[in-house]
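First comes the structure, then the notes that go with it.
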Amino acid sequence: MACATAYNLAKRGMKDIIVLEKKEIGNGGSNRNAGGVRQSARDVRELPLAMYAVSRIWPHLGEELETDVEYVQRGNLRLGKTEAHKKILEAHTAKSTKVGLDVRMIDGEEAREICPYMSEEVTSASWCPTDGHANPLKTTLGYYRMALRLGVTFITGVTVTGIRKAHGKARIVQTDDGDYEGEKILLCAGWESRKIADTAGIELPIIPERNEVLVTEMEPEMFPVMLGTADSDFYGHQSKHGSFVMGGNSGIQQYYSMPDGAHHPTGPLTAPKISRGIISYFPVLKNAKIVRSWAGYYDVCADKVPVIDQIPEVPGLYIAAGFSGHGFGISPAVALAMSELILDGSSHTIDISPLTYDRFRAKG
Amino acid sequence: MSKIIRTAAKEPFKPEPDDDLIICRCEEVTKGEIRRAVHGGFRTTNEVKRWLRCGMGLCQGQTCQRNFQNIIAKEAGISVKDLGMISGRSPARPVMIDVFANEVIDAEKDPEGK
Ligand SMILES: Cc1cc2nc3c(=O)[nH]c(=O)nc-3n(C[C@H](O)[C@H](O)[C@H](O)COP(=O)(O)OP(=O)(O)OC[C@H]3O[C@@H](n4cnc5c(N)ncnc54)[C@H](O)[C@@H]3O)c2cc1C
């Protein structure tokens, strides 16, 4: 979010933009995700961002960033094997079609026509032909490189510890490298945004949850679609390079010990579970060789959609966090919305009104 | 990692005669591509790897990491020890999905590990 927002701001002529990063560019989820650019199975509150990104930004993003972001728009299949799966898929599909997304339910046969390598056990799927995938490394680093070219300064190796007000406004960013000052401050540090927001008196209901990704050796080109399952056993795609990039969780990721933000350890349980998920839907991949696995953290928000807002109690403070494991696909649109919030005072191109920081209510 | 301030390069990229030397054999990445990446703003081992794929192939950087780090360090004018390393990750050697899927084989119930 930081690289893309800085790029959008600089493109509109904003000067003196500084991005502070504690480790290196792409240390967070933006470089660790599986590249899904998906509108289907999204909460309708963030669907305007997804639909805008897919129809208006992704198709020409590579050209704009002078980077091959490997965007492939060949659809998303979300697969089901049981009646219960089918119900989950139908519920998502009904909600999304109501707000105008082209997504429909298909049966196992039709799903196998789209992706012939799939197990006979698949009996239903949701199909969204305008979904797709892209390369998160190229996209995030491409935004960074362009932002740099447009005059943005990036300072890496500096950890933000707090935000302080001066004369009633957010003004000082405290770090392990001393204080930095800014008139407008955007906090977008993934799950770690929470403790920084705390220092300005703002509570963000966000927790970290580990997700892991496997990557295989190069395989012959087999399918261009993005894949997911009703049960979220795994998700992923085949990259332009030929390797399969597939992610998932262990099912008990909420209970892992707290990450330190500097290391991203993988655990013994997750990769085997993802592997079983892959084989059960794509037996043909059972001999594909995994060359590497890595971990990342979802910044899971209480209601599974992000906070993208300016904070009236702390004028000058903006927050974009809590993407809950699906922020990559919408990031170009989030960056546009955030740049408008910062420069124009409101997001006038895309409706982000349900994503305010003060929407959380007690249950009951 | 130590602090690095990054701004756009002031000078245009200067090609060198041996820029087409292959440094990462698995992914066929050349010296010139690495130098160009540093010129474009990439400063750490991971950043260059993620941008160009050097070190992402079959050998996972075991052959080329040192070589491409030396090029980054020289180009960026920083010490190799400030570039960070490619993180060690499982599996150490390529492993079939089928094998990975079976993290616990109960030898008593299933002596053949099926
Ligand atoms: C394994 C995995 C798979 C995913 N798959 C998908 C997918 O297929 N499709 C999709 O749309 N989304 C996916 N996501 C989610 C997506 O990657 C994230 O929602 C998105 O990248 C969030 O971007 P961000 O900029 O908010 O956070 P990040 O990219 O995490 O960036 C936050 C940055 O802040 C830095 N930081 C943290 N604390 C501090 C501090 N105190 N001081 C300075 N810097 C700090 C971090 O080092 C990091 O670089 C996935 C995520 C993971 C982990």
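Each chain gets a letter, A, B and so on, in the order the sequences are listed, and its residues count up from 1.
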Nearest 0.5 Å, what's the CZ-NZ distance between B:Arg93 and A:Lys289?
-> 11.0 Å
With distance as the sole test, does A:Arg145 use its side chain to make a donor-acceptor pair with the main-chain N or O of B:Gly40 at under 3.5 Å?
-> no
Nearest-0.5 Å distance that lies between atom OG in A:Ser239 and atom CZ in B:Arg53 | 6.0 Å
Just wondering, more than 12 heavy atoms not from A:Asp16 lying within 6.0 Å of its CG?
-> no
Heavy atoms only, distances under 4.5 angstrom: which of A:Thr67, A:Asn27, A:Ile155 has the most pairs with chain B? Name it, please.
-> A:Ile155
First locate atom CD1 of A:Ile25, then atom CG of B:Asn46, and finally report the distance between them rounded to the nearest 0.5 Å.
-> 12.0 Å
Under 3.5 Å, side chain of A:Ser293 to main-chain N/O of B:Ser90, donor-acceptor pair present?
-> yes
Side-chain donor-acceptor pair present, B:Arg6, A:Thr156, cut-off under 3.5 Å | yes
The interface call for B:Thr7 against chain A, heavy-atom contacts under 4.5 Å, is both
Whatever's closer than 4.5 Å to a heavy atom in chain B on A:Thr140 counts as neither
Rounded to the nearest 0.5 Å, how far does OG1 of A:Thr159 lie from NZ of B:Lys3?
-> 12.0 Å
Using non-hydrogen atoms and a 4.5 Å limit, figure out which bit of A:Val291 sits close to chain B: side chain, backbone, both or neither.
-> both
Take B:Gln60 and A:Arg292 through the test side chain to side chain contact (heavy atoms under 4.5 Å, CB included) and record every step on the way to the result.
-> CA-CA 8 Å; B:Gln60 291 287 299; A:Arg292 191 174 173 82; 2.9 Å; yes
If you tally heavy-atom pairs under 4.5 Å against chain B, which of A:Ala147, A:Ala288, A:Ser243 wins?
-> A:Ala288
Audit row: A:Phe154, B:Ile4, side chain to side chain contact (heavy atoms under 4.5 Å, CB included) steps and yes/no = CA-CA 8 Å; A:Phe154 288 77; B:Ile4 314 176; over 6 Å; no
Specify which of A:Ile274, A:Thr266, A:Leu137 makes the most heavy-atom pairs with chain B at under 4.5 Å.
-> A:Leu137
Per-residue tally against chain B (heavy atom, under 4.5 Å) across A:Glu21, A:His264, A:Met246, A:Arg276 peaks at A:Arg276
Could you have a look at A:His241, A:Lys273, A:Arg149 and say which one has the most heavy-atom pairs with chain B under 4.5 angstrom?
-> A:His241
Spacing of B:Ile97 atom CD1 and A:Ile279 atom CD1 [to the nearest 0.5 Å] | 6.5 Å
For B:Arg25, look at atom CZ and say whether over 12 heavy atoms of other residues, nucleotides or ligands are found less than 6.0 Å away.
-> no
Is the count of non-hydrogen atoms from other residues, nucleotides or ligands lying under 6.0 Å from B:Glu28 atom CD greater than 12?
-> no
Report the distance from atom CD1 of A:Ile290 to atom CZ of B:Phe100, rounding to the nearest 0.5 Å.
-> 5.0 Å
Residue part contacting chain B, namely of A:Ile278, when any heavy atom lies under 4.5 Å | side chain
Heavy-atom proximity to chain B below 4.5 Å, by part of A:Asn287 | both
Neighbour count above 12 (heavy atom, 6.0 Å) for A:Lys23 NZ | yes
Checking heavy atoms, do the side chain of B:Glu47, its backbone, both or neither come under 4.5 Å from chain A?
-> both
Heavy atoms only, distances under 4.5 angstrom: which of A:Ser275, A:Gly157, A:Pro265 has the most pairs with chain B? Name it, please.
-> A:Ser275
Check whether any side-chain N or O of B:Arg50 sits under 3.5 Å from a backbone N or O of A:Gly26 as a donor-acceptor pair, and report yes or no.
-> yes
Of all of B:Ala9, B:Gly41, B:Ala101, B:Ala8, which one pairs up most often with chain A through heavy atoms under 4.5 Å apart?
-> B:Ala101
Chain B heavy atoms under 4.5 Å from A:Glu24: which part of the residue, side chain, backbone, both or neither?
-> both
Specify the closest pair of heavy atoms between A:Trp294 and B:Arg89, including all atoms of both residues, with the distance to one decimal.
-> CB-NE, 3.6 Å
Check whether A:Val215 gets within reach of chain B through its side chain, its backbone, both or neither, counting any heavy atom under 4.5 Å.
-> neither
Is it true that a side-chain atom of A:Tyr144 and a backbone atom of B:Phe42 form a donor plus acceptor pair closer than 3.5 Å?
-> no
